[in-house]
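Okay, so here's the structure we're looking at.
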Amino acid sequence: MSRVALRDLAAHYLAVTGACVGLAAQRADPSEVLRIRSRLDRYTGNDPLTWRRLADDAHLEISALSQSARLTREQMRLQAEFSPFLALVDASEADRERSRSQLLAVLDAVSAADSATATRQVRESIADAMDRLIDRQAELARS
């Protein structure tokens with residue numbers, strides 16, 4: 001996939017994910033967020049596939065907390081398309097820990113009902129993932 005196509009996909013993913021977390025911050029009960037966070041806190045493995053499934057599930061659960069069926073369905077569709085790219089940037093344990101920390105920051109903002117911070121955290125997280133993905137793409141092209 002070209003860089004332009006990747007950035008376009010990321011922009012769409014960001015628009016939907018940002019809307020979901022913003023609404024989730026306004027509508028979610030903190031106990032619902034705590035359940036998602038507790039699953040992430042229990043992750044101690046070094047298996048990229050397990051991490052990807054756990055992170056994808058967390059994003060979908062946050063989307064469901066938005067209480068918007070349309071946005072959640074779109075998030076599910078985009079997750080299926082974008083998740084394999086996210087798996088590429090979470091190849092190392094350090095990268096997975098970085099992604100985990102970013103996701104926990106989003107959850108903290110949602111739990112605190114801070115829509116602006118939750119949306120900003122998602123934007124920064126996706127931008128970071130895109131930068132790492134483009135770096136990975138360049139690295140593969142060189143080899």
Side-chain angles (χ1 to χ4, degrees), residues 1-25 27-112 114-115 117-143:
M1 187 176 274
S2 72
R3 285 184 187 187
V4 171
L6 282 173
R7 290 200 185 277
D8 187 49
L9 176 60
H12 188 182
Y13 183 78
L14 171 59
V16 172
T17 305
C20 286
V21 300
L23 286 172
R27 299 174 175 174
D29 184 271
S31 67
E32 296 169 313
V33 178
L34 186 59
R35 283 194 294 275
I36 300 168
R37 185 183 178 93
S38 68
R39 280 193 299 281
L40 291 173
D41 286 342
R42 286 193 304 264
Y43 174 76
T44 59
N46 191 20
D47 178 32
L49 184 57
T50 301
W51 165 250
R52 189 73 260 142
R53 267 190 248 131
L54 185 62
D56 286 348
D57 288 350
H59 281 286
L60 292 175
E61 289 180 64
I62 294 167
S63 297
L65 294 178
S66 73
Q67 299 175 17
S68 170
R70 289 175 188 260
L71 283 173
T72 301
R73 279 193 304 272
E74 184 63 11
Q75 180 71 26
M76 290 171 68
R77 190 190 71 70
L78 281 170
Q79 198 75 32
E81 188 176 357
F82 200 55
S83 181
F85 294 109
L86 294 174
L88 292 173
V89 299
D90 283 343
S92 75
E93 188 172 358
D95 287 331
R96 286 188 296 281
E97 183 53 37
R98 183 176 177 169
S99 294
R100 181 180 170 279
S101 295
Q102 291 168 336
L103 184 50
L104 290 173
V106 170
L107 286 169
D108 287 345
V110 170
S111 183
D114 187 345
S115 183
T117 299
T119 304
R120 180 178 45 78
Q121 291 288 350
V122 163
R123 185 174 42 255
E124 290 172 4
S125 173
I126 293 171
D128 179 58
M130 281 307 303
D131 289 344
R132 290 187 288 152
L133 183 58
I134 288 171
D135 289 348
R136 179 82 172 125
Q137 183 184 42
E139 178 183 303
L140 290 171
R142 284 191 299 270
S143 61

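For reference, positions follow the sequence shown, starting with 1. Only heavy atoms go into these numbers, but all of them, side chains included; no hydrogens, no water, no symmetry mates.
Judged purely by atom type and a 3.5 angstrom limit, Ser83 has no side-chain atom pairing as donor or acceptor with the backbone of Ala80. Using modelled atom types, one side-chain atom of Thr72 and one backbone atom of Ser63 make a donor-acceptor pair closer than 3.5 Å. In terms of modelled atom types and a separation under 3.5 Å, the side chain of Arg123 and the main chain of Gly18 share no donor-acceptor contact. Looking only at distances, no side-chain donor or acceptor of Ser125 sits under 3.5 Å from a matching main-chain atom of Gln121.
We find that Arg136 and Glu139 are joined by a salt bridge, their nearest charged nitrogen and carboxylate oxygen being less than 4.0 Å apart. For Asp41 and Arg100, the salt-bridge test passes: some basic side-chain N is under 4.0 Å from an acidic carboxylate O. The pair Arg70-Glu74 fails the salt-bridge criterion, with no side-chain N (NZ, NE, NH1 or NH2) lying under 4.0 Å from an Asp/Glu carboxylate O.
Exactly one residue among Asp90, Asn46, Thr50 makes a side chain to side chain donor-acceptor pair (under 3.5 Å) with Arg96. That residue is Asn46.
Counting only heavy atoms from C-beta outward, the side chains of Gln67 and Leu23 never approach each other to under 4.5 Å. Residues Ile62 and Ser66 are not in side-chain contact: their nearest non-hydrogen atoms beyond the backbone lie 4.5 Å or more apart.
Shown here for Val122 and Leu14, the closest heavy-atom pair between the two residues is CG1-CD1, 3.9 Å.
Evaluation of the salt bridge (charged side-chain N to carboxylate O under 4.0 Å, His left out) rule for Arg98 yields Asp128 as partners, not counting sequence neighbours. Judged as a side-chain contact (heavy atoms from CB on, under 4.5 Å), and not counting sequence neighbours, the contacts of Ser101 are Glu97. Among residues two or more places apart in sequence or in another chain, the salt bridge (charged side-chain N to carboxylate O under 4.0 Å, His left out) test is passed with Arg3 by none.
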